[in-house]
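Quick note: residue numbers are just sequence positions, from 1.
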Amino acid sequence: MEPASAEALRPHVDRLKDWVLAEEGFGNFLNAFFNENKAYFDVYQEEHALHYTTLHKAFAEQFEAEINGWLADEGLREQDLEAMLRLGRDGGDPEIELVIDTMLDIMVYDRWIRNIFEIKRRILGRRIVHAKRR
């Protein structure tokens with residue numbers, strides 16, 4: 001089967017960017033991962049190296065399942081995803097470049113482990129602001 005036409009895929013490209021780059025989309029997935037595995041990601045510890053590879057494999061598989069679920073929800077297939085990424089890249093869309101980088105960062109262990117600790121540091125470094133009650 002051929003991928004959908006470029007014109008038909010354009011709205012899906014925007015929704016893909018929203019899902020991957022939004023706190024409510026992929027961010028929820030990432031937060032759940034940190035909550036489930038928080039004991040391993042405070043500081044890199046060499047004694048957990050084998051466990052990190054196991055976590056990476058599970059994380060990558062879950063991300064792939066999330067992407068496939070998103071595609072199914074959109075009525076699309078994997079070849080449509082490839083066409084969407086190509087469409088964005090050919091159009092010079094910097095957000096699609098960020099989506100592609102994010103996907104590569106997830107699927108390649110060395111990139112994933114470096115970035116996962118960087119994300120954890122950023123989360124820990126966020127200022128906690130409490131709203132005042134009236």
Considering all heavy atoms, the nearest I67-W19 contact: CD1-CZ3, 3.5 Å

Approximate separation, where rounding is to 0.5 Å, of R86 CZ and I96 CD1: 12.0 Å

Can you sort out the partners of A8 under side chain to side chain contact (heavy atoms under 4.5 Å, CB included), two or more places apart, ordered by chain and number? A4, S5

Tightest non-hydrogen contact, residues D110 and I113, listed as O-CG2, 3.5 Å

Side chain to side chain contact (heavy atoms under 4.5 Å, CB included) filter on R111, not counting sequence neighbours, yields D101, L104, D105, V108, R114, N115

Non-neighbouring partners of E97 that pass salt bridge (charged side-chain N to carboxylate O under 4.0 Å, His left out), sequence neighbours left out: R89

Distance (rounded to the nearest 0.5 Å) between Q79 CD and L71 CG: 9.5 Å

Residues which pass salt bridge (charged side-chain N to carboxylate O under 4.0 Å, His left out) with R15, listed by chain and number, not counting sequence neighbours: E74

Considering all heavy atoms of both residues, which atom of A83 and which atom of L9 are nearest to each other, and what is their separation? CB-CD1, 3.6 Å

With sequence neighbours excluded, residues passing salt bridge (charged side-chain N to carboxylate O under 4.0 Å, His left out) with D93: K17

Give every residue pair that meets the side-chain hydrogen bond (donor to acceptor under 3.5 Å, both in side chains) criterion with at least one member in residues 63-72, sequence neighbours excluded. Q62-E66

Going by ring-ring contact (aromatic ring centres under 6.0 Å, His included), name the residues that satisfy it together with F59, two or more places apart in sequence or in a different chain. F29, F33, W112

Just wondering, do V99 and M103 contact through their side chains at under 4.5 Å, heavy atoms? yes

Checking H12 now: which residues fulfil ring-ring contact (aromatic ring centres under 6.0 Å, His included) with it, not counting sequence neighbours? none

Residues at least two apart in sequence or cross-chain that pass side chain to side chain donor-acceptor pair (under 3.5 Å) with E24, listed by chain then number, are none

How many angstroms lie between atom CG of L55 and atom CD1 of I116, to the nearest 0.5 angstrom? 9.0 Å

When the ring centroid of F26 is compared with that of F63, is the distance short of 6.0 Å? yes

Look up atom CG in L81 and atom CD in E78, then write down how far apart they are to the nearest 0.5 Å. 7.5 Å

To the nearest 0.5 Å, atom CD of E95 lies from atom OG1 of T102 at 11.0 Å

Please step through side-chain contact (heavy atoms from CB on, under 4.5 Å) for the pair L16 and L85, ending with a clear verdict. CA-CA 10 Å; L16 175 68; L85 296 174; 4.1 Å; yes

Considering only heavy atoms from C-beta outward, does the side chain of V13 approach that of L87 to under 4.5 Å? yes

Would you say H56's side chain and H51's backbone share a donor-acceptor pair under 3.5 angstrom? no

